[in-house]
Amino acid sequence: MAASQRQVFDLCVERRQVAECLSVIFHSVLHLRSMCKVLYRKESCFANGSIGTEDVDCTYAEVTYVRVNSKSLIEKVQKDIQAVVDGVAAYPKADGGEVTLRFMTHSKSGWFSTETSCWEEWVVNLTFSNCKNEHERQFARQSVTDSLHHAVRLSAFFDVPACLPPCLYQFGQLYLRLPIGVYIHSAHLRCGS
């Protein structure tokens with residue numbers, strides 16, 4: 001399943017930074033993909049509204065990011081990220097891994113079947129570092145901060161019509177800006193040889 005848009009980030013992080021780094025990247029992308037809320041009243045009348053946002057300060061990196069102020073979305077993302085963190089903790093010999101955020105649409109392709117297509121994919125390749133002293137930890141923190149700033153800027157750059165799924169608004173059938181399934185896949189941890 002090939003995505004029409006695919007972004008890949010390579011991050012070298014301490015294990016304690018995994019949840020925060022994934023939150024920054026995924027919430028930044030989701031914030032930009034769900035900026036508008038459509039209020040649908042009847043066939044010829046719909047309008048955009050506001051969902052609301054909140055700022056979040058990171059603990060292990062000098063980054064503040066914006067996320068959608070939606071309890072259900074925050075819980076969904078945090079639950080999936082916690083599954084990644086639990087997977088990392090379960091495999092202490094893993095030296096990295098890959099986590100993917102996929103935006104998918106589902107459409108009927110026949111009487112009893114549906115077709116799934118991925119139109120956008122955000123891949124985070126993680127390499128786990130082990131800092132031996134405070135100097136290494138401060139250097140790693142600055143490196144992660146720079147990488148996350150780059151990821152947030154890049155996610156804003158890709159908030160253009162070409163990155164959005166086709167056919168967002170049609171009269172008779174309302175398609176929201178996020179009419180899709182959001183899936184965070186985390187099954188790929190790797191161990192050094």
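Note that this is a predicted model, so its numbers are computed, not measured. Just so you know, these numbers use all the heavy atoms, side chains as well, and skip hydrogens, waters and symmetry mates.
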**Student:** Any donor and acceptor pair, going by atom type alone, linking the side chain of Q138 with main-chain N or O of H135 inside 3.5 Å?
**Tutor:**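 No; zero donor-acceptor contacts below 3.5 Å.
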**Student:** Determine the minimum heavy-atom distance between F128 and V88, stating which atoms define it.
**Tutor:**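 Between these two residues, the closest heavy atoms are CZ-CG2, 3.6 Å.
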**Student:** Considering all heavy atoms of both residues, which atom of C12 and which atom of V144 are nearest to each other, and what is their separation?
**Tutor:**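 So the minimum-distance heavy-atom pair works out to O-CG2, 3.3 Å.
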**Student:** Can a salt bridge be assigned to the pair E62 and R141 using a cut-off of 4.0 Å between side-chain N and carboxylate O?
**Tutor:**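 Yes, charged N to carboxylate O under 4.0 Å.
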**Student:** Hey, are E120 and R6 close enough for a salt bridge, meaning a charged N less than 4.0 Å from a carboxylate O?
**Tutor:**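 Answer for the salt bridge query: no.
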**Student:** What is the minimum heavy-atom distance between Y65 and S28, and which atoms define it?
**Tutor:**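 What the structure gives for the nearest pair is CB-OG, 4.1 Å.
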**Student:** Any heavy-atom pair between the side chains of R137 and E14 that's under 4.5 Å?
**Tutor:**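 Answer yes - side chains close enough.
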**Student:** Fit a plane to each ring of H150 and F9, take the angle between them on a 0 to 90° scale, and name the class: parallel (under 30°), tilted (30 to 60°) or perpendicular (over 60°).
**Tutor:**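 The rings of H150 and F9 stand perpendicular, inter-plane angle above 60°.
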**Student:** Can you find a heavy atom in the side chain of H27 that is under 4.5 Å from one in the side chain of V77?
**Tutor:**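 The answer is yes; the side chains approach within 4.5 Å.
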**Student:** Could you work out, with side-chain hydrogen bond (donor to acceptor under 3.5 Å, both in side chains) as the rule, every residue matching R67, not counting sequence neighbours?
**Tutor:**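 Expected list: E54.
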**Student:** Pick one: which of L126, I81, L11, V124 meets side chain to side chain contact (heavy atoms under 4.5 Å, CB included) with V18?
**Tutor:**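 Between V18 and the candidates, side chain to side chain contact (heavy atoms under 4.5 Å, CB included) is satisfied uniquely by L126.
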**Student:** If you count heavy atoms of other groups shown closer than 6.0 angstrom to CG of D86, is the number above 12?
**Tutor:**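 For D86, atom CG is crowded (more than 12 foreign heavy atoms under 6.0 Å).
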**Student:** How close do E20 and Y60 get, counting heavy atoms only, and between which atoms?
**Tutor:**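 Heavy-atom minimum between the residues: OE1-N, 2.7 Å.
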